[in-house]
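Worth saying up front: this structure is predicted, and the values here are computed from it rather than measured. Residue numbers run from 1 in the order of the sequence given.
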Amino acid sequence: MKKIGFIIAAFLSSSFAFAQTAQFGIRAGANLANITSNQGTSSTARVGFHAGLLAHIHVAPSIAIQPEAVYSSQGFKYVYDAGGRYNGEHSVELDYVNIPILFQYMPGSGFRLETGPQLGILTSVNDRLNGTTTGLITTSDFKTTDFSWAFGAGYMGTSGLGIDLRYNVGLSNVRNDPSFTSNVHNGVFQAGLFYQFNDTYRRR
């Protein structure tokens with residue numbers, strides 16, 4: 001929790017440095033997350049959520065930079081069928097604080113396109129079967145950071161309320177096991193709502 005608090009404080013501090021031009025906001029929504037590997041995977045998607053803060057900084061009327069600090073509930077599901085009490089479908093929770101830096105283009109009428117790098121900091125890992133933690137997969141099995149690239153599109157109305165769709169493509173191997181030969185990457189589709197306060201370029 002101290003790490004999360006430090007990240008949010010750093011985000012706010014850097015954003016206040018742009019207080020004359022930055023428009024602050026909040027965003028939240030649903031995640032559909034999974035993992036991929038270069039040797040294939042039998043995992044299925046896990047439904048989660050995201051919520052966080054944003055700072056929308058115009059560098060031109062139709063171009064902006066948007067740093068964010070977002071808690072993101074990610075992971076995947078898999079079926080354990082080796083016998084014993086752990087048989088069944090497991091849900092692996094990989095929870096991150098993500099810090100994307102998005103470059104946005106606003107062609108007009110409230111629409112926007114966005115892309116940019118994202119740093120993820122792992123906060124917790126849980127493997128659950130029927131809601132009970134198994135301990136089969138733990139924090140030590142995954143690296144503490146993840147690097148990905150975000151692609152998205154959105155629309156914001158004149159009230160400051162908007163909707164967005166985003167896909168985060170994992171670029172770094174998140175598996176923390178030298179004996180595990182395949183590279184594992186996160187992949188997260190996000191759909192959500194956001195609200196920007198006092199944006200003078202709202203429908204650009």
Worksheet item: Who pairs with Thr115 by side chain to side chain donor-acceptor pair (under 3.5 Å), at least two apart in sequence or on another chain?
Response: Trp149
Worksheet item: Does a side-chain heavy-atom distance below 4.5 Å link His58 with Gln66?
Response: no
Practice prompt. Give the C-alpha distance, both sets of side-chain angles, the deciding distance and a yes or no for side chain to side chain contact (heavy atoms under 4.5 Å, CB included) between Val97 and Val70.
Written response: CA-CA 6 Å; Val97 170; Val70 181; over 6 Å; no
Fill in: Spacing of Gln104 atom CD and Arg112 atom CZ [to the nearest 0.5 Å]
5.0 Å
Worksheet item: Which residue pairs pass the salt bridge (Lys or Arg N to Asp or Glu O under 4.0 Å) test with at least one member in residues 148-166, sequence neighbours excluded?
Response: Arg27-Asp164, Glu68-Arg166, Glu114-Arg166, Asp164-Arg166
Worksheet item: Is the centre of the Tyr155 ring less than 6.0 Å from the centre of the Phe111 ring?
Response: yes
Item to complete: Flag the pair Met156 / Met106 as yes when at least one side-chain heavy-atom distance between them is below 4.5 Å, and no otherwise.
Response: no
Item to complete: State which residues pass side-chain contact (heavy atoms from CB on, under 4.5 Å) with Asp141; sequence neighbours excluded, sorted by chain then number.
Response: Ile137, Thr138, Arg175
Worksheet item: Looking at Asn34 and Ala45, what are the two nearest heavy atoms and their distance?
Response: ND2-N, 3.5 Å
Practice prompt. For Phe76 and Ser43, work out which heavy atoms get closest and say how close.
Written response: CD1-CB, 3.8 Å
Item to complete: Determine the minimum heavy-atom distance between Tyr96 and Asn98, stating which atoms define it.
Response: CB-OD1, 3.5 Å
Worksheet item: Which atoms form the tightest heavy-atom contact between Asn173 and Ser182, and what is the distance?
Response: OD1-O, 4.3 Å
Worksheet entry | Results of side-chain contact (heavy atoms from CB on, under 4.5 Å) for Val59 - residues two or more places apart only | Ile63, Ile65
Discussion item. Counting C-beta onward and ignoring hydrogens, is there a side-chain heavy-atom pair between Val188 and Tyr167 closer than 4.5 Å?
Written reply: no
Worksheet entry | Gap separating the CD1 atom of Ile57 from the CG atom of Leu102, nearest 0.5 angstrom | 11.0 Å
Discussion item. The criterion is side-chain contact (heavy atoms from CB on, under 4.5 Å); which residues satisfy it with Tyr86, sequence neighbours excluded?
Written reply: Tyr80, His90, Thr134, Leu136
Practice prompt. Under the side chain to side chain donor-acceptor pair (under 3.5 Å) rule, collect the residues that match up with Thr132, sequence neighbours excluded.
Written response: none
Discussion item. Suppose we screen for ring pair (Phe, Tyr, Trp, His ring centres under 6.0 Å). Which residues come up paired with Phe147, at least two apart in sequence or across chains?
Written reply: none
Worksheet entry | Pairs satisfying salt bridge (Lys or Arg N to Asp or Glu O under 4.0 Å), at least one member in residues 72-88, at least two apart | none
Item to complete: Taking side chain to side chain donor-acceptor pair (under 3.5 Å) as the test, write out the residues that go with Thr133, two or more places apart.
Response: Arg128
Worksheet entry | Partners meeting side chain to side chain donor-acceptor pair (under 3.5 Å) with Asn31 (sequence neighbours left out) | His50, Ser72, Gln190
Item to complete: Check Pro117 against Phe103 and note the closest heavy-atom contact, atom names and distance.
Response: CD-CE1, 4.1 Å
Worksheet item: Would you say the side-chain atoms of Thr123 pair up with the backbone N or O of Asp95, donor to acceptor, closer than 3.5 Å?
Response: yes
Worksheet item: Looking at residues at least two apart in the chain, or sitting in another chain, which of them share a side-chain contact (heavy atoms from CB on, under 4.5 Å) with Ala51?
Response: Ala28
Discussion item. Using every non-hydrogen atom in the two residues, find where Ala150 and Asn168 come nearest and quote the distance to one decimal.
Written reply: CB-OD1, 3.3 Å
Item to complete: Evaluate the side-chain proximity of Phe151 to Val169: yes if any heavy-atom separation is below 4.5 Å, no if none is.
Response: yes
